[in-house]
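Hydrogens, waters and symmetry mates are skipped; everything else that's a heavy atom, side chains included, is used. Proteins come first, then strands; the chains are lettered A, B, ... in the order of their sequence lines, and each starts at number 1.
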2 protein chains.
Amino acid sequence: MELRQLRSLIALAENGFSVSRAAERLHLVQPAVSQHLRLLEDELGAPLFVRTGKRLTGLTDAGGKVLAHARGTLAEVANIVAIGRDHVEEGRGVLRIGSTHTQARYVLPPVLRRFSQAYPEVEVQILQSTPGQLVEMTLADQVDLAICTEAIGEHPAFTTLPSYRWNRCLIAPLGHPVLSRRPISLGVLCEYPMITYLYGFTGRGRLSSSFAKVGLRPRVVLSAADTDVIKTYVREGMGVGVIADLAFQPEQDADLGMRDLSHLFPWEVTKVAYVREKYVRRFQQRFMDLFQEEANRLGSRVRVQAPGQAPAPE
Amino acid sequence: MELRQLRSLIALAENGFSVSRAAERLHLVQPAVSQHLRLLEDELGAPLFVRTGKRLTGLTDAGGKVLAHARGTLAEVANIVAIGRDHVEEGRGVLRIGSTHTQARYVLPPVLRRFSQAYPEVEVQILQSTPGQLVEMTLADQVDLAICTEAIGEHPAFTTLPSYRWNRCLIAPLGHPVLSRRPISLGVLCEYPMITYLYGFTGRGRLSSSFAKVGLRPRVVLSAADTDVIKTYVREGMGVGVIADLAFQPEQDADLGMRDLSHLFPWEVTKVAYVREKYVRRFQQRFMDLFQEEANRLGSRVRVQAPGQAPAPE
DNA sequence: CGTTCTTACGTGTGTCGTAACGATC
DNA sequence: GATCGTTACGACACACGTAAGAACG
């Protein structure tokens, strides 16, 4: 068995079972790929392909299993190649980070600033998506690692590194009556029109559950995928915002009042996850180290600042 | 990169870094293996080997990582080959079962009888060892699957199938005073010299813990790796035996009295485990099915029989 | 001086590309 | 008849084996 045969099998499956197209993608001529497939099938002795006439249209049961392990094989080969690259071009390559908007906007900037200083030759790509999608992208090797809070749970294929915990805070235009309410309870929050995240984003699910558990339902007048949109409409006076505490920036958001809400909702834990079997290049490891450092800083900032930052009553 | 290069790397590591010996094992001449290693090293661009003069004496950091992934690669290739075999010689092959003595002697016989009827062409190998060793053997692909109670815990590389639960029973020669004691407590057990399993075998660890937890220490006058030895010395009158309930055979052991002890010790769960990534051939799957069937039967037998089998007081 | 790896060279296998043929829509 | 896959054939590459050479204990 040869690696090229497995490559042809995979290319075939990824190109609608067109041998010609698979060949094209592999920079080979079509008869070569045909031969790969035939030899593989012959050697294994089991029919791998569903044929209609001469045309291949799908995989048999055995073919599907072989395909899966062929992917596994080449993934391991790719790991070996990556080890090589790690030495040849130590500080060069691409770092593909899958993250949510909140991470990309509020957590990653200082990390990436430091990272880019250390590895100026590494191209950083931030692929922003929903937590659910990030899981898929990581498994499909479209990103090297994913940073998110939801959905990445205990998938057995992942190594996950818990990084920091966060909770929600309330934001409202300075002078808004909610800012002087003491204490702020779930009930109080329900008195005002609310602006927060969409379902599936940044802890919205457990936010809603917390209300539901005590039989309350907030009046959410607008929900958005990212914090910036929420802030914008809070400034417009459309309602009070409930956002991740780490997304409140004292300097830039000086026109907004902030109140900690960590007594009302469960803490969330943001994690870094990557596919367990995959070789981690040095700069990838370094990025994760930097991220953890920043996370620790953030953890203490959040914990210390949250109570202290509560705006003075007016 | 070629598979043969990876094979040479592995053979080298497994033969004390002697290129000649590696070549011999691969049925190649030595210069061929040398070339494999050189090409691999060249292509990756990283030094893989520690050299003293011309001689290779070890792996560099990178070399070790490459070796690990080379093993992974060839394991996947082996899986693909196994899929082929599964179709070509459906009912032929070798089934390598790692098990402890207790399993091999008291649980496996009926399973293997049925299995051999279904697959007369499959050679069954029972590799008997200690639970700790079984884990290693399974990881090293010396056995296809392992059946045991201890040590196979939640190792991430394993798929484990809980099969049945069991507990201990007491055995003694008919007429022995312990058989008429009511009830049997841990304290009662400590009054008699005890014969049971060695540490690391058949639940000995948790047996001892149960005594230790209440500050007792049984007088173990003899401990053995397998039940047959224990029974022999019980028959000799050297002490009372504490064995796995499934190892008591009413017909063959009619000269022994048996008392259930499941109220004194925690239940143990015997599991079947195999390496997660490995392709499971059909007859292997069939064996595991048969084992589970037998386990269910055993489970009910144990549960039903244990109280009923208590010998009538004399 | 034997052992062990490297270098050099020839042979044969086999892989890929070109080209012609066959089948299917 | 256009597209897609198989078969046939030739050229080049290369992997392996043989044989000779170099370093090490």
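Note on B:Glu2: nothing from the nucleic acid sits closer than 4.0 angstrom, heavy atoms only.
With sequence neighbours excluded, no residue forms a side chain to side chain contact (heavy atoms under 4.5 Å, CB included) with B:Val88. A:Arg114 pairs by the salt bridge (charged side-chain N to carboxylate O under 4.0 Å, His left out) definition with A:Glu293, not counting sequence neighbours. Listed by chain and number, the residues in a side chain to side chain contact (heavy atoms under 4.5 Å, CB included) with A:Arg204 are A:Thr196, A:Tyr197, A:Tyr199, A:Leu207, A:Ser208, A:Val220, A:Ser223 (sequence neighbours excluded). Every residue two or more places apart in sequence or in another chain that forms a side chain to side chain contact (heavy atoms under 4.5 Å, CB included) with A:Arg276 is listed here: A:Thr159. The side chain to side chain contact (heavy atoms under 4.5 Å, CB included) test applied to B:Gln284 returns B:Leu95, B:Asp144, B:Val280, B:Arg281, not counting sequence neighbours. Under the salt bridge (charged side-chain N to carboxylate O under 4.0 Å, His left out) criterion, A:Arg21 pairs with no residue at all, not counting sequence neighbours.
For the pair B:Leu37 CG and C:dT6 P, the computed distance is 8 Å after rounding to whole Å. The interatomic distance linking A:Met1 (CE) with C:dT15 (P) rounds to 13 Å, in whole Å. The distance from atom CD of A:Gln35 to atom P of D:dA8 is 12 Å, rounded to the nearest whole Å. Atom pair B:Leu56:CG and D:dC24:C1' shows a separation of 13 Å (rounding to whole Å applied). Across the protein-nucleic acid pair, B:Gln30 atom CD and D:dA22 atom P stand 16 Å apart, rounded to whole Å. Spacing between atom CZ of B:Arg38 and atom P of D:dA15 amounts to 10 Å, rounded to whole angstrom units. When rounded to the nearest whole Å, the span between CZ of A:Arg51 and P of D:dC4 equals 18 Å. Residue B:Leu26 contributes atom CG, which lies 10 Å from atom P of D:dG17 at whole-angstrom precision.
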If you look only at distance, which donor and acceptor atoms sit under 3.5 Å apart when one is on a side chain in residues 62-84 of chain B and the other is two or more places apart or in another chain?
| from | atom 1 | to | atom 2 | distance (Å) |
| --- | --- | --- | --- | --- |
| B:His69 | ND1 | A:Glu76 | OE1 | 2.9 |
| B:His69 | ND1 | A:Asn79 | ND2 | 3.4 |
| B:Arg71 | NH2 | B:Glu14 | OE2 | 3.3 |
| B:Thr73 | OG1 | B:His69 | O | 2.7 |
| B:Glu76 | OE1 | A:His69 | ND1 | 2.9 |
| B:Glu76 | OE1 | B:Asn79 | ND2 | 2.8 |
| B:Asn79 | OD1 | B:Tyr279 | N | 3.0 |
| B:Asn79 | ND2 | A:His69 | ND1 | 3.4 |
| B:Asn79 | ND2 | B:Glu277 | O | 3.0 |

Throw together a table of side-chain donor-acceptor distances under 3.5 angstrom for residues 44-54 of chain A, partners on residues two or more places apart or in other chains.
| from | atom 1 | to | atom 2 | distance (Å) |
| --- | --- | --- | --- | --- |
| A:Arg51 | NH2 | A:Glu41 | OE1 | 2.2 |
| A:Arg51 | NH2 | A:Glu41 | OE2 | 2.8 |

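An OP1 or OP2 oxygen of C:dT6 is reached within less than 4.0 angstrom by a side-chain nitrogen or oxygen of B:Ser34. The side chain of A:His36 places an N or O atom within less than 4.0 Å of a non-bridging phosphate oxygen (OP1 or OP2) of C:dC16.
A:Asn15 places no side-chain N or O within donor-acceptor distance of the main-chain N or O of A:Ser18, the cut-off being under 3.5 Å. Panel note: side chain B:Glu43, backbone B:Met1; a donor-acceptor pair is recorded below 3.5 Å. At least one donor-acceptor pair under 3.5 Å links the side chain of A:Arg96 to the backbone N or O of A:Asp141.
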request  = Start with the C-alpha distance between A:Asp86 and A:Arg92, add both sets of side-chain angles, then the distance that settles salt bridge (Lys or Arg N to Asp or Glu O under 4.0 Å), and finish with yes or no.
outcome  = CA-CA 8 Å; A:Asp86 224 9; A:Arg92 289 182 47 199; over 6 Å; no
request  = Encode nucleotides 20-25 of chain C as B, S and - characters from 5' to 3', where the letter depends on protein heavy atoms closer than 4.0 Å: B to the base, S only to sugar-phosphate, - to neither.
outcome  = ---S--
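Against DNA chain D, the stretch residues 5-23 of chain A makes heavy-atom approaches under 4.0 Å through A:Phe17, A:Ser18, A:Val19, A:Ser20. Contacts between residues 39-48 of chain B and DNA chain D, counted as heavy-atom distances below 4.0 Å, involve B:Leu39.
The terminal axes of the helix from C:dC1-D:dG25 to C:dC25-D:dG1, fitted over 5 pairs per end, subtend an angle of 30° to the nearest 10°.
Ring centroids of A:Phe283 and A:Phe287 are separated by 6.0 Å or more, keeping the two rings apart.
Side-chain polar atoms of B:Gln292 and B:Glu294 form no donor-acceptor pair below 3.5 angstrom.
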